[in-house]
Visitor: 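My questions will all concern the structure given below.
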Amino acid sequence: MSIVPEYTQEVKDATDHLYKLVKDVIPPMEWEVKAPYIYRINKLKKEKNVVILAHNYMTPDIFHCISDIRGDSLGLAREAAKTTADTILVCGVYFMAETTKVLSPEKRVLISDPSAGCSLADSITGNDIRMLRKEYPGVPIVTYVNTTAETKAEVDICCTSGNAKKIIDSIDSDRILFVPDRFLCRNMQTQTDKELIEWSKGSCEVHELFTVDSINEFRAAHQDLVVIAHPECPREIVEASDFSGSTADMIKFVEERRPKKVLMVTECSMSDNLTGLYPDVEFVRPCNLCPHMKKITVENVLETLETMSPEVFVDSEVIKGAQKSVERMLEVK
Ligand code: 13P
Ligand code: SF4
């Protein structure tokens, strides 16, 4: 366990510019606790040639103050494939760190809490995919990137919420098994004439909690509210919204359209991360927290950099199999 770092004048001078980005969501007293960690992380990552990738659901201290690359699952996978750093520290959930290792097997990949899981990744295994192949012979299998490397190694191609439509269109078949997110599958079904076969056990424990009633209540309480939803939400939520897209697409929507008031039907940190960037937009809350994403903190990131662990290891045969399905995805433009 590392010693708790202090908020000294040196720390203040080096981090004041970062506080400007998060001051609306982190009170000064909390900042004095976080800033010393941020200061040490930013020093250590340079000394050790570590690049920090952060998913859009990370808290604002991680998202704005320590990460080198931020994005949705697709963006992070693309960046992981390109980076020249010796070590990649993934601030996100375990399947993201595994995908990074699959794309950069020669690099050291770290994740501060390997128990940061995902209800979607947990809903299906490589064995389930082998069983589906027997049940649906010859039907291509697309798996959402929110799966383990072992599952990815068994399928034909991956997709993310940012490229699902393009991946479906790229497959030369009228029937496709689209697993494991049944809600993403149903949302994609409205955009294609191909038959998408769903996996009944898969859903995101965060996005499935939203209800149409709560959206209607927000609309009634806020005139001209724009509602944007992640496609992991149930179909009726997407139908009740004005726009749906991956986390990166949702950010782009806010950046380009600048709605006066917006409700982001997704994980809570998204609104926190955008508040400082778009002061002209009012973010209407609440939203739901992903307990897995929230396991990553500046405290455990500093410990990871100090010890260069926990490291992510994936079996070399699994890497070979998973590489094919992830690389095929990245080839689809
Ligand atoms: P994207 O960032 O790819 O939209 O995915 C959302 C998500 O739930 C990742 O776990
Ligand atoms: Fe998984 Fe949902 Fe959390 Fe994303 S938000 S990591 S899909 S549980």
Side-chain angles (χ1 to χ4, degrees), residues 53-59 62-63 67 69-81 90-100 103 111-124 142-149 151-152 158-167 178-188 199 201-210 228-234 237-238 241 243-255 264-274 286-296 326 329-330 332:
L53 305 188
H55 185 262
N56 291 327
Y57 291 163
M58 288 294 103
T59 48
I62 293 176
F63 185 83
S67 67
I69 294 156
R70 297 165 274 277
D72 64 356
S73 311
L74 179 61
L76 295 184
R78 284 195 180 126
E79 292 302 328
V90 177
C91 291
V93 291
Y94 195 72
F95 78 78
M96 295 177 174
E98 266 195 343
T99 307
T100 304
L103 287 165
I111 182 163
S112 300
D113 189 338
S115 75
C118 170
S119 61
L120 282 168
D122 288 346
S123 74
I124 195 160
V142 180
T143 183
Y144 194 28
V145 75
N146 297 36
T147 43
T148 63
T151 302
K152 288 186 180 83
C158 289
C159 77
T160 73
S161 54
N163 63 12
K165 166 93 170 76
K166 279 189 187 156
I167 301 294
F178 189 95
V179 301
D181 187 345
R182 65 180 190 278
F183 295 127
L184 181 66
C185 180
R186 290 175 200 174
N187 286 320
M188 295 321 298
W199 176 247
K201 296 177 199 162
S203 61
C204 163
E205 68 186 79
V206 178
H207 290 93
E208 71 184 348
L209 297 179
F210 293 103
I228 62 179
H230 195 278
E232 285 172 12
C233 291
I237 301 291
V238 171
S241 304
F243 172 79
S244 175
S246 78
T247 55
D249 291 335
M250 292 170 93
I251 294 173
K252 197 163 164 240
F253 181 95
V254 172
E255 188 179 315
M264 298 189 108
V265 188
T266 190
E267 214 272 350
C268 240
S269 292
M270 282 272 288
S271 299
D272 291 344
N273 288 333
L274 298 194
C287 39
N288 297 324
L289 278 178
C290 172
H292 311 290
M293 292 277 181
K294 300 298 92 117
K295 285 186 173 171
I296 309 299
V326 180
M329 166 183 90
L330 295 176
V332 175

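Counting convention: from 1, in listed order, for ligands and their atoms alike.
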Visitor: Do D181 and N146 come within less than 4.5 Å of each other through their side chains, counting heavy atoms only?
Guide: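 The answer is no; the side chains never approach within 4.5 Å.
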
Visitor: Nearest protein heavy atom to atom 10 (O) of ligand 1, by residue and atom, and its distance?
Guide: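 It is N146 ND2, 3.4 Å.
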
Visitor: Using every non-hydrogen atom in the two residues, find where S203 and S119 come nearest and quote the distance to one decimal.
Guide: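 Closest heavy-atom pair between S203 and S119: O-OG, 2.8 Å.
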
Visitor: What is the closest protein heavy atom to atom 4 (O) of ligand 1, and at what distance does it sit?
Guide: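 Ranking protein heavy atoms by distance from atom 4 (O) of ligand 1, first comes H230 NE2, 2.7 Å.
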
Visitor: Just to confirm my output: which protein heavy-atom neighbour is closest to atom 3 (O) of ligand 1, and how far is it?
Guide: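 Scanning the protein heavy atoms, the shortest distance from atom 3 (O) of ligand 1 goes to S73 OG, 2.8 Å.
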
Visitor: Testing L120, T143, I124 for side chain to side chain contact (heavy atoms under 4.5 Å, CB included) with W199, which one passes?
Guide: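 The option that passes is I124.
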
Visitor: Heavy-atom distances under 4.0 Å decide this one: backbone, side chain, both or neither, for E232 against ligand 2?
Guide: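 The answer is the side chain of E232.
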
Visitor: Provide the number and element of each atom of ligand 2 under 4.0 Å from a heavy atom of L120.
Guide: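 That gives atoms 7 (S) of ligand 2.
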
Visitor: Of all the non-hydrogen atoms in the protein, which one sits nearest to atom 2 (Fe) of ligand 2, and at what distance?
Guide: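 Checked against all protein heavy atoms, atom 2 (Fe) of ligand 2 sits closest to C204 SG, 2.3 Å.
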
Visitor: Quick one: which ligand 1 atoms are inside 4.0 Å of a heavy atom on M96?
Guide: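 Reading through ligand 1 atom by atom, the close ones are 9 (C), 10 (O).
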
Visitor: Residue-level breakdown please: for C290 versus ligand 2, do any non-hydrogen atoms fall below 4.0 Å on the side chain, on the backbone, on both, or on neither?
Guide: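 Side chain only.
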
Visitor: Can you list the ligand 2 atoms lying under 4.0 Å from a non-hydrogen atom of N146?
Guide: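 Matching atoms, with element in brackets: 7 (S).
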
Visitor: Is E232 paired with R182 through a side-chain N to carboxylate O contact shorter than 4.0 Å?
Guide: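 E232 and R182: not salt-bridged.
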
Visitor: Kindly assign one of parallel, tilted or perpendicular to the pair F243 and F253, based on the angle between their ring planes and the thresholds 30° and 60°.
Guide: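 Ring orientation, 0 to 90° scale: parallel.
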
Visitor: Mind checking the CG-CD spacing from L103 to E98? Nearest 0.5 Å is all I need.
Guide: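 Nearest 0.5 Å value for the CG-CD distance: 11.5 Å.
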
Visitor: Please work out which of the three classes, parallel, tilted or perpendicular, describes the rings of H55 and Y57, given edges at 30° and 60°.
Guide: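 Rings of Y57 and H55: perpendicular, over 60°.
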
Visitor: Do any N/O atoms on N56 end up under 3.5 angstrom from N/O atoms on ligand 1?
Guide: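 Between N56 and ligand 1 (N or O atoms, distance only) the closest approach is not under 3.5 Å.
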
Visitor: Can S73 and Y144 be counted as having a side-chain donor-acceptor contact under 3.5 angstrom?
Guide: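 No.
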
Visitor: Quick one: are the C204 and C118 sulfurs under 2.5 Å apart?
Guide: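 Answer is no, sulfur atoms not closer than 2.5 Å.
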
Visitor: Go through ligand 1 atom by atom and flag the ones less than 4.0 Å from a non-hydrogen atom of M293.
Guide: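 Under 4.0 Å from M293, ligand 1 has these atoms: 10 (O).
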
Visitor: Output the list of atoms in ligand 2 that are nearer than 4.0 Å to some heavy atom of Y57, sorted by atom number.
Guide: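 Answer for ligand 2: 5 (S).
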
Visitor: Any N/O of S161 closer than 3.5 Å to an N/O of ligand 1?
Guide: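 Between S161 and ligand 1, an N or O pair is found under 3.5 Å apart.
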
Visitor: Please test K294 against E267 for salt bridge (Lys or Arg N to Asp or Glu O under 4.0 Å), starting from the C-alpha separation and ending with a verdict.
Guide: CA-CA 10 Å; K294 300 298 92 117; E267 214 272 350; 3.0 Å; yes

Visitor: Would you call F95 and T148 a side-chain contact if the rule is heavy atoms closer than 4.5 Å?
Guide: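 No, side chains not in contact.
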
Visitor: At a 4.0 Å threshold, what atoms of ligand 1 neighbour a non-hydrogen atom of S246?
Guide: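 Atoms satisfying the 4.0 Å criterion: 4 (O).
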
Visitor: Ignoring angles and geometry beyond distance, decide whether H55 reaches within less than 3.5 Å of ligand 1 through its nitrogen or oxygen atoms.
Guide: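 Checking ligand 1 against H55, an N or O pair does fall under 3.5 Å apart.
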
Visitor: Do any N/O/S atoms of C118 come under 2.8 Å of atom 2 (Fe) of ligand 2?
Guide: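 Within the cut-off used here (under 2.8 Å), C118 places no N, O or S atom near atom 2 (Fe) of ligand 2.
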
Visitor: Going by the order shown, which atoms of ligand 1 are within less than 4.0 Å of some heavy atom of E232?
Guide: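 It comes down to these atoms of ligand 1: 6 (C), 7 (C), 8 (O).
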
Visitor: Within the 4.0 Å heavy-atom shell around S119, which atoms of ligand 2 are there?
Guide: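 By the 4.0 Å cutoff, the relevant atoms are 8 (S).
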
Visitor: Would you say E267 touches ligand 1, if touching means a heavy atom closer than 4.0 Å?
Guide: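 Distance cut 4.0 Å: E267 fails for ligand 1.
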
Visitor: Side chains of N56 and T247: donor-acceptor distance under 3.5 Å anywhere?
Guide: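 Yes, side-chain donor-acceptor contact under 3.5 Å.
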
Visitor: Does any N or O of ligand 1 fall below 3.5 Å from an N or O anywhere on D72, backbone included?
Guide: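 Such a contact does not occur with ligand 1.
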
Visitor: Using the rule given for side chain to side chain contact (heavy atoms under 4.5 Å, CB included), can you reason through T100 versus L76, listing the C-alpha separation, both sets of side-chain angles and the distance that settles it, and then say yes or no?
Guide: CA-CA 8 Å; T100 304; L76 295 184; over 6 Å; no

Visitor: Should you measure from each heavy atom of V206, which atoms of ligand 2 turn up under 4.0 Å away?
Guide: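 Ligand 2 atoms under the 4.0 Å threshold to V206: 5 (S).
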
